[in-house]
Amino acid sequence: MRHLNSLAELSTAEIKLLFSLTAKLKAGVNKGHRPPLLTGRVLTQVFEKPSLRTRVSFEAAIMQLGGSSLFLAAKEAGLGGRESIEDVARVLGGYSDIIVLRTFSQKLIDDFVDHAGCPVINGLSDLRHPCQALTDLFTMEEVLGSIAGKKLVFVGDGNNVATSLATACAAMNVPFVVCAPDAYRLPGSFIADLKLRYPHADIVQTKDFKSALADAAIVYTDVWTSMGQEAEDEKRRKDLGPFQVNAALLKQAPKNCKFMHCLPAKRGNEVTDEVIDGPQSIVFQQAENRMHFAKGLLVWVLEQEGLVT
Ligand code: CP
Ligand code: NVA
C-alpha cells in the first residue's frame with residue numbers, strides 16, 4: 001500500500017511518473033475531459049488547521065474523477081481525546097478509500113499510516129508539506145521545461161514547505177538554496193539525512209542574497225509565521241524583515257527568474273504586492289496545479305489498490 005506521508009517514500013522515477021500522469025489529466029481537463037476513474041471511491045479529509053487550497057483541491061480532484069469526499073474538522077472526528085488515535089484511524093479507514101490529514105504533530109499522520117488500513121496522504125504537518133512541494137516542481141517543469149540544474153532559492157523561514165521542497169529538489173536534481181537568518185535554517189540533522197539518501201544533492205544555506213540570487217531560476221517564499229506559531233509573530237517579523245521578497249530583492253536575480261509562493265501570502269510581510277502581482281509571479285498557476293496534482297496522486301495511489309476503473 002502506498003501513502004504520501006514523507007517524500008522519502010517516493011523514488012525519482014515515481015515522482016516523474018506522477019508528473020506525467022498529472023500533465024495528462026490536466027491536458028484532458030483543458031479539453032473538457034473528466035474521465036470517471038474513481039467512481040464510487042470515498043476520500044475523507046481530517047484537518048486540525050485551516051486550509052483553502054489543500055482541502056478544496058482534493059475535493060475538486062475526487063469529484064472530477066467521479067468519486068466523493070467528506071470533511072471533518074479534527075474536533076468533530078474526536079482527535080481531541082474522545083477515543084484513541086488508533087481507533088479513529090481504524091474506523092475512518094473502514095469507511096474511506098483514501099484519507100488526507102492536516103495536523104500539527106507529524107506523529108498523528110504516522111499513526112494513521114500505521115492503523116488506517118487505507119492509503120494516507122500528508123496534507124501538511126508542522127514538519128512537512130509533500131503535496132505542495134511536488135506540485136511546485138511540477139509547475140516549475142511546466143514553466144521552465146526541464147528543471148534539472150535550475151536553481152530554486154527559498155527566501156525566508158526554513159519551515160515545513162522549505163523542508164519538503166529541499167527533499168523534492170534533491171530527488172529531481174534541482175539545486176536548492178535556503179536564504180535565511182541562521183536561526184531559521186533547516187536543521188543540520190535533516191540536511192545530513194538528506195545527503196545520506198541523495199549524496200549529490202546540491203543544497204546550500206546562506207544569508208548572502210547576492211550569491212544566492214545571481215543564477216536563480218525561481219525565487220520562492222512562504223509566510224514567516226506558520227499555522228501554530230502565532231505567539232512568535234512579532235519576533236519573526238523582526239528577524240525575517242530583511243528577507244522580504246520585494247522588487248529590489250528580485251532585481252538581484254536574472255530577469256527571466258520566476259516568483260513562487262505556496263499561498264496563503266501575508267502581503268507586505270514576506271512578499272510585496274508588486275512582486276506577487278508582477279509579471280514574474282506564477283503563484284496562481286501554482287495554486288491551480290494543486291488540483292491537477294491531487295488528481296494524479298489520487299489515481300496513482302488508488303491504482304495500486306486496484307480501485308481505478
Ligand atoms: N498552500 C496550501 O497548502 O494552502 P492551504 O493552507 O490553503 O491549504
Ligand atoms: N508554512 C505554512 C504553509 C501553509 C500552506 C504553514 O504551515 O502555515
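For ligands, and for the atoms within them, numbers begin at 1 and follow the listed sequence. Excluded from the calculations below are hydrogen atoms, water molecules and symmetry mates; all remaining heavy atoms, backbone and side chain alike, are included.
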Check for me whether Thr225 has a heavy atom closer than 4.0 Å to any atom of ligand 2. no
Per-atom filter on ligand 2: closer than 4.0 angstrom to a heavy atom of Leu263 are 5 (C)
Of Asp157, Asp222, Leu127, the residue with the heavy atom nearest atom 3 (C) of ligand 2 is Asp222
So which heavy atom in the protein is nearest atom 4 (C) of ligand 2, and how far is it from that ligand atom? Leu124 CD1, 3.8 Å
Among protein heavy atoms, which sits nearest to atom 3 (O) of ligand 1, and what does the distance come to when rounded to 0.1 Å? His129 NE2, 2.8 Å
Could you identify the single nearest non-hydrogen protein atom to atom 8 (O) of ligand 2 and state the distance to 0.1 Å? Met227 N, 2.8 Å
Give yes or no for whether the N/O distance cutoff of 3.5 Å, strictly under, is met between Leu124 and ligand 1. no
Minimum-distance pair of heavy atoms, taken over all atoms of Phe176 and Ala162: CZ-O, 3.6 Å
Does Arg102 reach ligand 2 with a nitrogen or oxygen that is under 3.5 Å from one of the ligand's nitrogen or oxygen atoms? no
Salt bridge (Lys or Arg N to Asp or Glu O under 4.0 Å) test vs Arg2 passes for just one of Glu14, Glu305, Glu9, namely Glu14
I need the nearest protein heavy-atom contact for atom 7 (O) of ligand 1: residue, atom name and distance, please. Leu52 N, 2.6 Å
Heavy atom of Leu263, distance to ligand 1 below 4.0 Å: yes
Among protein heavy atoms, which sits nearest to atom 6 (O) of ligand 1, and what does the distance come to when rounded to 0.1 Å? Arg102 NH1, 2.8 Å
Under 6.0 Å from the NZ atom of Lys195, do we count more than 12 heavy atoms belonging to anything else shown? yes
Is the closest heavy-atom distance from Lys49 to ligand 1 below 4.0 Å? no
At a 4.0 Å threshold, what atoms of ligand 1 neighbour a non-hydrogen atom of Arg290? 1 (N), 2 (C), 3 (O)
Do me a favour and list the nearest non-hydrogen protein atom to atom 8 (O) of ligand 1 with residue, atom name and distance? Ser51 OG, 2.6 Å
When you measure from atom 1 (N) of ligand 2 to each heavy atom in Ala162, Ser226, Cys262, Pro264, which option holds the nearest one? Ser226
Can you name the nearest heavy-atom pair linking Ala8 to Thr167, along with the distance? N-CG2, 4.4 Å
Check whether any side-chain N or O of Gln280 sits under 3.5 Å from a backbone N or O of Cys257 as a donor-acceptor pair, and report yes or no. yes
Does Thr54 use its side chain to pair, donor to acceptor, with the backbone of Ser51 at less than 3.5 Å? no
Does atom CD of Glu230 have more than 12 heavy-atom neighbours, drawn from other residues, nucleotides or ligands, at distances under 6.0 Å? yes
Is the side chain of Thr39 donor-acceptor paired with the backbone N or O of Pro36 at a distance under 3.5 Å, no angle test? yes
Backbone or side chain, does any N or O of Arg55 fall under 3.5 Å from an N or O of ligand 1? no
Against heavy atoms of Asn159, which atoms of ligand 2 measure under 4.0 Å? 1 (N)
Val161 side chain reached by Asp222 side chain, heavy atoms, under 4.5 Å: yes
May I ask you to identify the nearest protein heavy atom to atom 7 (O) of ligand 2, giving residue, atom name and distance to one decimal place in Å? Asn160 ND2, 2.8 Å
Ligand 1 and Met227, any nitrogen or oxygen pair closer than 3.5 angstrom? no
Under the 6.0 Å and 45° cation-pi test, does Arg55 pair with Phe47? no
of all protein heavy atoms, closest to atom 4 (O) of ligand 1 is Arg53 NE, 2.8 Å
Donor-acceptor check, side chain of Thr103 to backbone of Ser105, threshold 3.5 angstrom: yes or no? yes
Does Arg34 use its side chain to pair, donor to acceptor, with the backbone of Gln64 at less than 3.5 Å? no
For a quick test of reading the model, state the closest non-hydrogen atom pair linking Ala77 to Leu72 and the distance between them. CB-CD1, 3.9 Å
Should you measure from each heavy atom of Gln132, which atoms of ligand 1 turn up under 4.0 Å away? 1 (N), 2 (C), 3 (O)
